[in-house]
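Heads up, the thing below is written out as structure tokens.
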Amino acid sequence: MMGDFWKRFSRNRGAVIGLFILLLVVVVAAIAPLLFPDSPWRMVQRPFLPPFEMSEYPLGTDTIGRNVISGLAYGAQVSLLVGLVSTVVSLLIGIPIGALAGYFGGFVDDALMRFTELFQTVPNFALAIVLVAIFEPSIYSIIAAIAIVSWPPVARLVRGEFLSLRQREYVEAATLSGQSHAAIIWRQILPNTLSPIIVLASLMVATAILLESSLSFLGLGDPNLMSWGYMIGAARTVIRQAWWLSFFPGVAILLTVLALNLIGEGLNDALNPRLARKGK
Amino acid sequence: MKTRLALLAAALMLSTSAFAQPVEGGRANVVIQPEPPSLMMGLVQNGPTQMVAGNIYESLLRYDENLEPMPQLATDWEISEDGLTYTFHLAEGVKWHDGEDFTSEDVVFSVDVFLRETHARLRQSLEHVESVEAPDDHTVVFTLKQPFGPFIGIFEAGTMPMIPKHIYEGTDFANNEMNNTPIGTGPFKFEEWERGSHILLTKNEDYYEEGKPYLDEIYWHVIPDAAARAVAYENGVVDILPGGSVENFDVERIANLENSCITEKGWEYFAPHSWMWLNNREAPFDDARFRQAVMYAMDREFARDALWAGLGQVATGPVASSTRFYTDDVTQYTYDPAKAEALLEEMGYDGEPVRLLPLPYGETWQRWAEAVKQNLEEVGIPVEIVSTDVAGWNQRLAEWDYDMAFTYVYQYGDPALGVSRNYVSTNIAKGSQWNNVEGYENEEVDRIFDEAAVAVTPEERQELYTEVQKILVDEVPVAWMLELGFPTIHRCNIKDLVTSAIGLNDGFKNAYIEEAE
């Protein structure tokens with residue numbers, strides 16, 4: 001089973017490259033404190049040191065002399081943390097709502113879906129800005145805001161899957177054998193919806209990273225954490241004097257998000273083999 | 001010998017007049033940021049209002065860069081020996097923009113009726129005033145209850161603008177329709193204001209100072225984005241960038257453009273002084289050693305060079321060096337992390353984290369908070385930055401809900417006007433972010449500030465203020481940062497733009513545009 005999965009996954013070369021990039025980012029984030037024992041906020045050299053001039057600061061320094069490469073490494077921690085945690089939280093909101101709506105249908109479905117649409121009609125990013133601004137920017141409010149704007153697609157996806165799966169014979173069999181609703185939802189249907197959820201989740205991590213970067217860019221990041229979006233936001237006004245300050249964190253965001261999207265595609269191929277082959 | 005000297009003098013005069021003869025005509029294109037809420041300076045006194053309306057309204061005096069009074073609407077003045085009676089003789093032939101005569105009645109109305117009602121800062125100074133009288137059309141006499149040293153320093157346009165009595169007497173000042181088309185005595189008249197775009201002022205042809213002003217028009221451009229303002233200057237759309245209109249990072253680049261001049265002058269009266277409020281009420285800030293450690297831990301020269309483009313200077317204490325009665329004979333807090341650590345060790349600081357509230361005024365202030373946080377963490381004080389917007393910042397300070405908070409405050413030339421208010425214990429009250437927000441209490445300091453305000457001779461005042469500065473600098477009620485530099489950038493062929501201690505706020509009556517070389 002696992003071997004099969006890997007074989008199908010690795011058939012998509014982009015997905016393998018994506019996985020490789022992501023692993024690199026994860027490793028850098030994990031060993032950032034070993035690579036750069038100094039705080040990324042520490043002013044270590046003269047401001048506006050261009051990249052590739054001093055081997056100790058290969059990517060130069062920022063507007064007040066902080067080490068850019070150290071900021072990138074610590075920024076990876078924040079990006080990955082926000083991406084993962086906020087995705088988990090939105091799954092925890094979206095899956096139960098979608099599952100209940102799809103399984104019970106009728107009034108429950110109507111009520112839950114109208115509630116979901118309430119969130120879908122407000123543009124994601126605008127809602128996230130409002131939420132963070134109200135609760136004051138901190139890592140918690142940012143994760144909460146991203147989770148709150150990201151769960152509706154999960155709910156809709158899960159509801160769709162449940163709607164079609166609950167008609168299957170094995171569900172009917174389970175109902176006849178007297179299993180409770182909870183048991184049927186939890187043990188019978190949910191395991192069969194995992195593949196599309198996993199694919200969606202990998203893309204959601206990418207979106208969450210982008211959202212966090214955008215918030216930080218606008219100055220709504222956690223002021224105590226170095227993040228990629230913050231680095232670009234702080235460098236925006238000096239982009240003509242110091243291109244490298246926005247360029248390197250920009251590349252970091254681009255590569256990470258791209259990697260996650262490639263992985264998502266690979267997972268899709270690997271988990272839904274028939275769908276994938278039809279596509280090609 | 002005598003004739004030769006006279007000839008030489010005549011030649012010199014000829015040559016200087018040949019070179020410095022002001023040129024008539026032209027338009028000054030200036031950035032105004034942010035757009036003022038109103039131009040009626042008797043009602044609104046925020047920065048941009050003062051800058052634009054300083055051309056429309058005038059006061060009795062102006063001040064040179066050493067804060068010495070110069071004539072404006074008053075041509076000369078006398079102060080009685082006992083320091084209680086101030087007599088001003090007004091200029092002849094002054095007319096309001098609508099053609100009415102300006103008389104001493106207008107002065108009495110402005111000070112005693114209009115501004116007493118609308119101008120909170122002036123009202124405090126007016127509490128020392130017993131009466132304002134107009135014995136004839138061109139004489140005004142102020143009688144004080146007791147001597148008040150800084151009194152001669154309050155006749156500045158933003159502090160005491162002259163308001164036309166014939167328009168405002170007996171009306172509801174705040175809702176008078178004429179507020180939209182302000183009438184003053186100044187060198188330029190209000191012409192039009194298109195919200196979000198521009199404000200246009202035109203030359204006052206009947207101005208009472210011979211030959212002035214030289215410019216035909218002043219065109220104020222409203223450009224909300226800092227980068228766009230820089231581009232507007234580079235492209236020649238605007239020729240004058242008042243202090244603070246471009247990011248500090250851009251200052252050097254723009255000042256180095258061709259035909260670009262920069263001056264730090266014109267802020268002596270305001271002397272913007274920045275510091276961090278330290279909440280003296282709570283541990284660990286209730287221990288003077290902790291507050292001193294904060295001073296030693298901060299690299300303020302670095303902040304000036306990296307964040308303020310090298311402009312301004314490190315503050316030595318509560319009084320700015322351009323304000324009266326300044327002394328540098330106080331304890332110096334040069335950057336010394338080891339000393340900070342020793343002080344923290346001595347007091348037994350337990351490493352409890354403190355919160356830092358940056359000033360939400362943009363990039364520079366945010367970076368500055370980050371740099372201070374890093375400075376403090378390096379001596380072992382963990383700092384958590386709290387982000388807020390302007391409203392949240394105001395509210396937290398007014399409610400004393402902070403540990404450390406950035407701010408900057410104007411000094412208005414005299415410690416009694418702009419310094420003592422932040423340190424005397426009688427000025428501790430919730431609800432304001434400009435009073436003794438740090439909650440510092442010292443009877444000795446209270447006494448000296450009280451005595452110094454009403455002392456008659458400058459020598460007495462200097463002695464008292466020197467004493468109080470020494471005490472405060474040792475006790476560190478707040479952590480002084482920098483005397484801020486807000487450079488004015490302009491084309492070099494625009495001459496005599498900044499000619500007084502309030503700079504561009506003083507109006508452009510002396511400014512003229514030479515042919516570019």
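Treat the numbers as computed from the prediction; the structure is a model and nothing was measured. Numbers restart at 1 for each chain; the letters A, B, ... are given by sequence-line order, proteins then strands.
In this structure, A:Met43 and B:Ala371 approach most closely via the heavy-atom pair CE-O, 3.5 Å.
Within residues 290-313 of chain B, the residues having any heavy atom under 4.5 Å from a heavy atom of chain A are, by residue number, B:Phe302, B:Ala306, B:Leu307. Residues of residues 47-71 of chain A that come closer than 4.5 Å to chain B, counting heavy atoms only, are A:Pro47, A:Phe48, A:Thr63, A:Ile64, A:Arg66, ordered by residue number. By a heavy-atom distance cut of under 4.5 Å, A:Arg236, A:Thr237, A:Val238, A:Arg240, A:Gln241 are the residues of residues 236-260 of chain A near chain B, going up by number. Interface residues of residues 120-140 of chain A toward chain B, defined by a heavy-atom distance below 4.5 Å and sorted by number: A:Glu136, A:Pro137.
Few gaps surround CD on B:Gln332; more than 12 heavy atoms of other groups in view lie less than 6.0 Å from it.
Contact count against chain A (heavy-atom pairs under 4.5 Å) is highest for B:Asp250 among B:Asn375, B:Thr388, B:Asp250. Between chain A and the options B:Arg367, B:Glu363, B:Glu377, the largest number of non-hydrogen pairs under 4.5 Å is found for B:Arg367.
Taking 4.5 Å as the limit, some side-chain heavy atom of A:Pro223 sits within range of a side-chain heavy atom of B:Gln366.
Here A:Asn224 contributes atom CG and B:Arg355 contributes atom CZ; the two are 12.5 Å apart, rounded to the nearest 0.5 Å.
Heavy atoms of B:Glu247 lying under 4.5 Å from chain A belong exclusively to its side chain. No part of B:Ala227 comes within reach of chain A, as not one of its non-hydrogen atoms sits under 4.5 angstrom from that chain.
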